[in-house]
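What follows is one structure encoded as structure tokens, with my remarks underneath.
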Amino acid sequence: MRMGMKKAPQYRVVVADSRSPRDGRFIENIGIYHPREEPSRVEIDTDKAASWLAKGAQPTEAVAKLLAIAGIEGMAERKAATKAVRAKQVQAKAEPAKAKTKPKAKK
């Protein structure tokens, strides 16, 4: 959930239904993220986050990175697995595009 003033964002890390809007209704607030501070400040209640993950909550890519920074067990491995899957998807999309392009015949 984005908060803060224009050009000075602060984020709440929340548990929400995937169908709710970005800044809309949420179930529980589990932490905060201040990207503009030097160094960035991440404060996440690790117990609440771990319990929601155990219940089957799926973090977004950005929240997965924040959870890995906060030290939630298993998040670094999950982040690496997601990155590998994305790379395979990109590679699979690129292969048909290469097959469609034909080299020009020289006369």
Side-chain angles (χ1 to χ4, degrees):
M1 169 182 278
R2 188 183 193 282
M3 309 221 16
M5 299 181 299
K6 196 185 323 184
K7 301 196 185 245
Q10 298 176 3
Y11 297 92
R12 283 186 185 170
V13 180
V14 298
V15 177
D17 187 0
S18 63
R19 296 169 289 194
S20 63
R22 182 190 72 178
D23 295 335
R25 195 174 83 196
F26 61 91
I27 299 169
E28 186 175 11
N29 184 7
I30 62 170
I32 58 170
Y33 170 53
H34 295 279
R36 302 270 303 177
E37 292 183 9
E38 194 58 42
S40 300
R41 186 170 59 152
V42 177
E43 296 176 10
I44 296 178
D45 187 345
T46 56
D47 297 332
K48 287 182 183 180
S51 70
W52 277 106
L53 291 171
K55 292 176 187 177
Q58 297 294 316
T60 61
E61 289 181 29
V63 171
K65 289 178 185 179
L66 293 176
L67 292 174
I69 291 169
I72 304 289
E73 290 185 33
M75 289 311 300
E77 294 82 17
R78 187 182 290 193
K79 181 180 165 186
T82 303
K83 199 172 192 179
V85 168
R86 296 267 183 213
K88 286 181 183 177
Q89 289 173 345
V90 168
Q91 193 174 34
K93 285 184 179 180
E95 288 175 7
K98 288 180 183 176
K100 288 181 182 179
T101 58
K102 297 179 185 177
K104 295 182 179 180
K106 295 183 180 179
K107 292 184 179 182

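In this chain, numbering begins with 1 at the start of the sequence shown.
- R19 meets the side chain to side chain donor-acceptor pair (under 3.5 Å) test with D17; sequence neighbours excluded.
- Of all heavy-atom pairs between S40 and P35, the closest is OG-O, 3.4 Å.
- Within the model, atoms CZ of R41 and CD1 of I32 stand 4.5 Å from one another, a figure rounded to the nearest 0.5 Å.
- Counting non-hydrogen atoms of other residues, nucleotides and ligands closer than 6.0 Å to NZ of K88 gives a total of 12 or fewer.
- In the hydrophobic clustering of ILVMFWY residues, with side-chain heavy atoms under 4.5 Å counting as a link, I30 and M1 come out apart.
- Nearest heavy atom pair, residue P59 against residue V63, reads CB-CG1, 4.0 Å.
- Atom NZ in K83 sits 10.5 Å away from atom CD in E61 (nearest 0.5 Å).
- Other residues, nucleotides and ligands place no more than 12 heavy atoms under 6.0 Å from the CZ atom of R36.
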For residues 5-16, run the donor-acceptor check on the side chains, cut-off 3.5 Å, and write out each pair with its distance to 0.1 Å, sequence neighbours left out.
none

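- A chain of hydrophobic side-chain contacts below 4.5 Å, direct or via other Ile, Leu, Val, Met, Phe, Trp or Tyr residues, connects Y33 to W52.
- Under the side chain to side chain donor-acceptor pair (under 3.5 Å) criterion, Q58 pairs with no residue, sequence neighbours left out.
- Nearest heavy atom pair, residue A70 against residue T46, reads O-CG2, 4.1 Å.
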